[in-house]
Amino acid sequence: MGKKVLIVGGVAGGASAAARLRRLDEEAQIIMFERGQDVSFANCGLPYYIGGVIDKRNKLLVQTPRSLFQRFNIDVRTLSEVTRVFPQEKRVEVKNLATQEVYQEDYDFLVLSPGAKPFVPDIPGIDLANVFTVRNVPDSDRIKQYIETEQPASALVIGGGFIGLEMAENLKERGVAVTIVEMADQVMGPLDFEMAALVHKHLKKNGINLKLKTRVTALEGSSKVERAVLDNGEKLDADMVILGIGVTPENELAKSAGLSIGPTGGILVDEYLRTSDPSIYAVGDAIQVKHFVTGQGALLPLAGPANKQGRLAADNIAGRAARYNGTQGTSIARVLGQVVAVTGANEKTLQKLGIGHLSCYLHPASHATYYPGAEDLAFKLIFTPDEGKILGAQAVGRGGVDKRIDVIATAIRAGMTVYDLQELELCYAPPFSSAKDPVNMAGYVAANIINGDNPPFYWNQIAGLDPDQSVVLDVRTAKEVEAGVIPGAMNIPVDELRDRLSELPKDKDIYVYCRVGLRGYLATRILQQHGYTRVKNLSGGMLTYGPVK
C-alpha cells in the first residue's frame with residue numbers, strides 16, 4: 001500500500017487534489033471527507049439553479065461519491081465531519097453525521113479544503129426561517145422551494161458582492177421585487193468606484209432598489225421576516241432575505257490543530273501550499289494567498305485558483321515540486337444583461353499600499369460599429385508610470401467583456417506592458433471586434449499618457465479645479481452640449497479649435513473633455529503643438545464622469 005492521504009472537503013480544491021493525486025499515484029490510499037451530502041458541485045451555478053436558468057438539480061453535481069470511486073478509486077465519505085486534527089500523531093477525528101459515530105483515521109499527508117462560510121451578521125432576527133445563505137446545493141434547494149411554495153413578492157439582498165448581485169438578477173427574473181442593501185458606497189468591491197457607478201446606474205434602470213452606505217440593523221417578524229430595519233430608521237417590507245455579504249475562511253480546524261493563520265484570517269501556506277506543518281497542505285477559499293500583482297497576503301475565494309491549488313498540492317504530495325505563484329483575482333459576473341469583469345489590482349488597493357500607478361479609461365465599441373449590435377464597452381486599464389507594466393483592468397458592458405479581460409489577465413501573468421498590448425494580434429472580423437481591438441486601443445491610450453502626448457486628468461479631480469487658474473474646455477458639438485456639461489465649461493468643438501485658439505489663454509491650465517476622450521486627445525495634441533503647455537485631457541470623457549457626478 002502506498003502513502004495514505006486524507007482530504008477534508010470536496011467541491012473545487014479537494015476534489016481536484018484527489019483526482020490529480022490518483023492520476024499520479026495509483027497506489028496511494030485516498031480518503032475524502034465531506035461534511036455535506038454533495039462532494040463536488042458547481043457552487044458558482046447555484047444562483048442560476050435558483051433562477052431556473054439551470055433547470056435540473058443534477059446538472060450542478062460535478063462528481064458523486066460513486067463516480068469518484070469507480071473512476072479514481074477514491075474512498076469518499078459524505079456527511080462526515082473532521083472535527084479535530086492531531087498533527088503530532090498524524091491522525092484526524094471524524095464524526096459520521098448520519099450515525100453520530102466518532103472514529104479516527106491516520107494519515108501520511110493531509111489536505112485541508114474546508115472552503116469559506118457565508119458571513120452572517122449578528123443582528124436581531126437573523127435566524128428567522130426565511131433568511132437564506134447561498135453556499136451549497138441544499139441551501140439552493142431551500143430557496144427554490146420557498147419561492148415556489150410561498151411565492152414571495154419582495155426580497156431583500158444584504159450585500160452587493162458577486163453572489164448578492166447574481167441572486168438579485170435571478171430573483172428578479174422570477175418576478176420578485178428586489179432591494180439590495182450595501183454598507184459600502186458601491187457594489188462589487190473589486191471594482192473601483194467609478195466603474196461600479198455604471199453598475200449602480202444599470203441596477204436602478206432595471207428596477208432594482210439599491211441602497212448604498214446603509215446597514216440592516218434588525219429583521220422583524222414573528223415566525224419569519226416581514227420587514228428589515230435600516231440604520232437610517234427606515235423600514236423595508238421583505239418576504240425573504242438573502243445574505244450576500246461575503247464569506248470568511250473556514251479556519252477553525254486549522255486553528256485548533258495549531259497551524260499558522262495569516263493576518264487575513266486565511267490558513268497560512270507557503271508557495272508549495274504547505275501549512276506550518278509540512279505534512280499538511282491547504283487549498284481553496286480557506287487559505288491566504290499571495291496577490292500576484294501586489295505580493296500582499298489576500299483572500300480571493302475563486303473556483304479557478306482553488307482547482308489549480310488542489311492540483312499543485314497533489315503534485316507536491318506525489319513528489320513533483322510545483323509552486324503556486326499567486327492569485328490575481330480574475331472574476332466576472334452577469335447582472336441583468338450587463339457583464340462586469342476584473343483582473344489584477346484595483347486602484348484603491350494600489351493607493352492604500354502606496355504602489356505608484358497610472359490609469360486610463362476608454363469606451364470602445366464591442367465590435368465594428370458598422371456591424372449591427374455594437375455597444376459601448378467601459379474599460380479601465382491600470383499600469384506603472386515608468387515602463388507601463390500592466391497592474392490591473394476592469395470592464396463593464398455587454399458583448400466582449402470576458403475576452404478582453406482574459407487577454408489582460410494573460411498579459412499580467414506574462415509581465416507584459418502597455419506597449420506589448422499595442423502589438424497583440426487578436427481575432428478580427430466585424431461581428432467580433434475592430435481592426436484595432438479594444439485591448440490594442442487600451443495600449444495606445446496608456447502609452448500616450450506615459451510619453452506625454454495625452455496628459456490626463458480624472459473624474460475625481462474635477463471638483464477641485466480652481467476657476468481662476470484654469471479653463472475647462474468642452475470640445476463636443478453644440479448639440480451634445482445641450483445634453484449636459486461640466487459646470488463652468490466653455491465650448492469650442494474640436495473641428496473649430498484651430499480657428500479659435502485666440503479664445504484660450506496660455507497662462508492657465510486647460511482641462512479638455514469630450515464624450516469618451518478621443519476628441520479630447522485630438523484637441524490636446526492641437527493645443528500642445530500650438531504652444532499650450534498646460535493641457536490635460538479628461539480620461540474616459542463624459543461617459544466616465546457622468547455616472548459619478
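None of the values given here were measured: they were computed from a predicted structure. Throughout, numbering of the chain's residues begins at 1 and tracks the sequence.
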Discussion item. Just so I know, are the side chains of T384 and L391 near enough to count as touching, which here means a heavy-atom distance under 4.5 Å?
Written reply: yes

Worksheet entry | Heavy atoms from other residues, nucleotides or ligands near CD of Q88 exceed 12 (cutoff 6.0 Å) | no

Worksheet item: Taking the side chain from N307 and the backbone from A303, do they hold a donor-acceptor pair closer than 3.5 Å?
Response: yes

Worksheet item: Backbone N or O of V548 within a donor-acceptor pair of the E194 side chain at under 3.5 Å?
Response: no

Worksheet item: Is there a donor-acceptor pair under 3.5 Å between the side chain of N440 and the backbone N or O of L421?
Response: yes

Fill in: Nearest atoms (heavy-atom pairs only) where I355 meets H357
O-ND1, 2.9 Å

Practice prompt. Test Y281 against L112 for side-chain contact (heavy atoms from CB on, under 4.5 Å), laying out the working first.
Written response: CA-CA 6 Å; Y281 290 76; L112 299 179; over 6 Å; no

Practice prompt. May I ask you to decide if Y419's main-chain N or O and T417's side chain share a donor-acceptor pair within less than 3.5 Å?
Written response: yes

Practice prompt. Let me see the working for N251 and L253 under side-chain contact (heavy atoms from CB on, under 4.5 Å), right down to the final yes or no.
Written response: CA-CA 6 Å; N251 61 16; L253 193 62; over 6 Å; no

Worksheet entry | Nearest non-hydrogen partners of S331 and L302, listed with the distance | CB-CD2, 3.9 Å

Worksheet item: Under 3.5 Å, is there a donor-acceptor pair between the side chain of S279 and the main chain of D277?
Response: no

Item to complete: Determine whether V111 and V5 make a side-chain contact, defined as any pair of heavy atoms from C-beta on separated by less than 4.5 Å.
Response: yes

Worksheet item: Do other residues, nucleotides or ligands put more than 12 heavy atoms under 6.0 Å from the NZ atom of K4?
Response: yes

Item to complete: Using the salt bridge (charged side-chain N to carboxylate O under 4.0 Å, His left out) rule, take K380 and E347 through it: C-alpha gap first, then chi angles, then the decisive distance, then the call.
Response: CA-CA 10 Å; K380 178 177 184 176; E347 194 164 12; 2.7 Å; yes

Worksheet item: Which heavy-atom pair separates C360 from A442 by the least distance, and what is that distance?
Response: SG-O, 4.2 Å

Discussion item. Under a 3.5 Å cutoff, is there a donor and acceptor pairing between the side chains of K95 and Q100?
Written reply: yes

Worksheet item: Donor-acceptor pair, D270 side chain versus T275 backbone, under 3.5 Å?
Response: no

Worksheet entry | Gap separating the CG atom of L300 from the CD1 atom of I287, nearest 0.5 angstrom | 10.0 Å

Worksheet item: Can you name the nearest heavy-atom pair linking I163 to V134, along with the distance?
Response: CG2-CB, 4.3 Å

Worksheet item: Minimum heavy-atom separation for G125 to V131, with atom names?
Response: O-CG2, 3.9 Å

Fill in: Under 3.5 Å donor-acceptor, S539 side chain and P456 backbone
no

Discussion item. Does any part of the side chain of Q288, heavy atoms only, come nearer than 4.5 Å to the side chain of I267, both counted from C-beta?
Written reply: no

Discussion item. K3 vs E27, test: salt bridge (charged side-chain N to carboxylate O under 4.0 Å, His left out). Steps then yes/no.
Written reply: CA-CA 8 Å; K3 61 178 70 77; E27 300 300 318; over 6 Å; no

Discussion item. Would you call the rings of F33 and Y103 parallel, tilted or perpendicular, taking 30° and 60° as the class edges?
Written reply: tilted

Practice prompt. Kindly say whether R22 contributes a backbone atom to a donor-acceptor pair with the side chain of D25 at under 3.5 angstrom?
Written response: no

Fill in: Main-chain N/O of V187 paired to H200 side chain as donor or acceptor, under 3.5 Å
yes

Worksheet item: Any side-chain donor paired with an acceptor under 3.5 Å for R91 and Y107?
Response: no

Discussion item. Heavy-atom count check: over 12 atoms from other residues, nucleotides or ligands less than 6.0 Å from K255 NZ?
Written reply: no

Fill in: E93 side chain to Q104 backbone, donor-acceptor under 3.5 Å
no

Fill in: From E271 atom CD to N316 atom CG, the distance as rounded to the nearest 0.5 Å
9.5 Å

Response to the item:
Checking L156, L236, I180 against K211 for side chain to side chain contact (heavy atoms under 4.5 Å, CB included), the one that qualifies is L236

Worksheet item: Do I280 and L259 have side chains that get closer than 4.5 Å, going by heavy atoms?
Response: yes

Practice prompt. Identify the heavy atoms of V418 and A447 that sit nearest to each other, and give their distance.
Written response: CG2-N, 4.1 Å

Item to complete: Flag the pair M188 / L191 as yes when at least one side-chain heavy-atom distance between them is below 4.5 Å, and no otherwise.
Response: yes

Worksheet item: What about the rings of F132 and Y146, do their centers lie closer together than 6.0 Å?
Response: yes

Worksheet entry | Over 12 foreign heavy atoms within 6.0 Å of CZ, R413 | yes

